[in-house]
Q: 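Could you have a look at this structure, given as structure tokens, before my questions?
In what follows, every chain begins at residue 1, and chains take the letters A, B, ... in the order their sequences are listed.
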2 protein chains.
Amino acid sequence: MDDSRNVIDIASVKVACQSCGLRQLCLPAGVSPQDMERLDDIIRRLRPISRGGHVFRAGDPLSSIYAIRSGWVKTYALAEDGNEQVTGFHLAGELVGLDAIASGEHPCSAKALDTTSVCEIPFERLEDLSCEVPGLQRQLLRIMSQELTTDEELLMLLGKRSAEERLAALLLSISGRLKQRGYSAHEFRLPMSRNDIGNYLGLAVETVSRLFTRFQQQGLLSVENKLVTVENLDALKFAAGSCSNRDAPSARA
Amino acid sequence: MDDSRNVIDIASVKVACQSCGLRQLCLPAGVSPQDMERLDDIIRRLRPISRGGHVFRAGDPLSSIYAIRSGWVKTYALAEDGNEQVTGFHLAGELVGLDAIASGEHPCSAKALDTTSVCEIPFERLEDLSCEVPGLQRQLLRIMSQELTTDEELLMLLGKRSAEERLAALLLSISGRLKQRGYSAHEFRLPMSRNDIGNYLGLAVETVSRLFTRFQQQGLLSVENKLVTVENLDALKFAAGSCSNRDAPSARA
DNA sequence: CGGTCCCTTGATATTCATCAATATCAGTGG
DNA sequence: CCACTGATATTGATGAATATCAAGGGACCG
């Protein structure tokens, strides 16, 4: 971690949220320019983490939460038996580590899937500041609430959807989020392994692999290793929610 | 809603968090007595909601979140095709509606599974107050973070566990939460239908039903309709995680 | 007492995991 | 540049877990 002395001094640099392209997605959203400066004062940008490196590890005390500036992060928990549960794939503008607030230590680990840079946000200082800056408190609550909603959607996915629907939904989610950040929604690199995808979606690797080939055969995607091109977005959307063939005898409800 | 004029005046009554047995579990935890009074000022206790009644419905604007005083609440979302996804079963001391903060309207509905009474907490006033009362802000964040953790555990359950493990885990969770609230951990009523259980766990009703009979045959439980008696707690724990020793002891509480 | 919903049980179908055998890729060092 | 190595991905064959279909029984509520 401290391999090269000469970069220590740039290991953390003052941030300027105001000049960050992600500020509408991230914590500063809804915070006034002058308050944003106060936020800048507590946030530090860490030096980039290379592929495979950790942002934090399960069990680490909660000292900070992290905002992703660029790159990809996967969060995962390890069961006692050692096998892993991937809990999310996160990209620029998203906050990781919020689930540590409850217990005071991180229940998950967060690992870079690509070279990734993050902003470190000391949690106690954030807590204090958000008392004084209502817009900040609101945004923090909003982000956490958003995560709850995302988890609920994922629960629905894992509980009720077929393998095909799950993968399609994941691809759509990623595509949409990339688009939101100014990247192509049609052509992108999936930096995580098939194993991670399967793990996240509750499927075997083999199933994920077969689905990719099937989607390709059906003309929904072109897949070349980690590079995915969406060829037919509508069909992909249909695949993600075609479960609706199920007769809905809305008698109940 | 306004069916009987004569109860209107007791429809909402000032709360006294201080005298509430749930205050350590609920929002007031970590709030000083004098601040708790300020909390009391904004919270109102609604008149009991009977079985099948709604606390709020999906699409309702977020005006309040709700703390459950007694009873059982199920939260669920309706997909476009009309079929339901149960997202949680909640009991006394738990907050529902937090996932509405992100969008400003409730993404889920909340329905009473039994006669249930709740405290209504106007969200904007809570937001304001929690700026002034740091202990309150902290507890609110802690509760939301706790929900994130719970969802993550559930994700693991749905993604990687067998039907048997899922049901066992649910029963243990319920048993543990009831115990925490001073009820019997060994004998309790499950107020939700088998359908709801299956829906929540991502299983068919029939599977749930078969599992109950199997557990009974194996001597883990006695089941009589909605009444469940845990006969062999250790075996149930074993069934819940043949690999994971989830310890009930209050790591957090 | 009749109806309706809910639960249980059995038989069958289907999806997906598992096992096993390559195949491909990303490094590493010759 | 190539051979070697271990990780990762694909593909096929098989089986197990669980959904689905179908039918009957029981509980609850008017």
Q: Using a cut-off of 4.0 Å on non-hydrogen atoms, how would the nucleic acid contact of A/Gly198 be classed: base, sugar-phosphate, or nothing?
A: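 Nothing, no heavy atom under 4.0 Å.
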Q: Across the strands shown, which category fits A/Ser193 at heavy-atom distances under 4.0 angstrom: base, sugar-phosphate, nothing?
A: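 Sugar-phosphate contact only - A/Ser193 comes under 4.0 Å of backbone atoms but never of a base.
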Q: Between A/His90 and A/Thr75, does the side chain to side chain donor-acceptor pair (under 3.5 Å) criterion hold? Intermediate values first, please.
A: CA-CA 8 Å; A/His90 310 274; A/Thr75 45; 2.9 Å; yes
Q: From the set D/dA19, D/dA27, D/dT10, return the single nucleotide nearest to any side-chain atom of B/Asn225.
A: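 It is D/dA27.
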Q: Separation of B/Arg214 atom CZ from C/dT8 atom P, in whole Å?
A: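 So the CZ-P distance, B/Arg214 to C/dT8, works out to 14 Å.
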Q: Check the pair A/Ser162 / A/Glu165 against side chain to side chain donor-acceptor pair (under 3.5 Å), numbers first and verdict last.
A: CA-CA 5 Å; A/Ser162 69; A/Glu165 292 170 319; 3.3 Å; yes
Q: When the nearest nucleotide of DNA chain C is assigned to A/Ala204 and to B/Val223 on a heavy-atom basis, which residue is associated with the more 5' position?
A: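 Looking at DNA chain C, the more 5' nearest nucleotide goes with B/Val223.
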Q: Select one nucleotide: of D/dT18, D/dA9, D/dT11, the one nearest the side-chain heavy atoms of A/Thr213.
A: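 The answer is D/dT11.
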Q: Quick one: label A/Ala163 by what it contacts on the DNA or RNA (base, sugar-phosphate, nothing), any heavy atom closer than 4.0 Å.
A: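 Sugar-phosphate only.
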Q: Of B/Arg69, B/Lys74, B/Arg181, which meets salt bridge (Lys or Arg N to Asp or Glu O under 4.0 Å) against B/Glu94?
A: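 By the salt bridge (Lys or Arg N to Asp or Glu O under 4.0 Å) criterion, B/Glu94 pairs with just one of B/Arg69, B/Lys74, B/Arg181: B/Arg181.
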Q: So, B/Glu231 versus B/Ser222: side-chain donor-acceptor pair below 3.5 Å or not?
A: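 Indeed, the side chains of B/Glu231 and B/Ser222 share at least one donor-acceptor pair under 3.5 Å.
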Q: Can a donor-acceptor pair under 3.5 Å be found between the side-chain atoms of A/Glu206 and the base atoms of C/dC19?
A: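 Counting by modelled atom types and ignoring angles, a donor-acceptor contact under 3.5 Å is found here.
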Q: So, is A/Lys226 close to the D/dA9 phosphate, meaning a side-chain N or O under 4.0 Å from OP1 or OP2?
A: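 Indeed, a polar side-chain atom of A/Lys226 lies that close.
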Q: Using only modelled atom types and a 3.5 angstrom limit, is any donor from either the side chain of B/Arg210 or the base of D/dT20 paired with an acceptor on the other?
A: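 Counting by modelled atom types and ignoring angles, a donor-acceptor contact under 3.5 Å is found here.
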Q: Please state how far atom CD in B/Glu164 lies from atom C1' in D/dA16, giving the value in whole angstrom units.
A: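 These atoms are roughly 14 Å apart.
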Q: Select base, sugar-phosphate, or nothing to describe what B/Lys160 touches, counting heavy atoms under 4.0 Å on all strands.
A: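 Touches nothing.
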Q: Which nucleotide in the list C/dC7, D/dG12, D/dA9 gets nearest to the side chain of A/Ser209?
A: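 Nucleotide nearest to A/Ser209's side chain: D/dA9.
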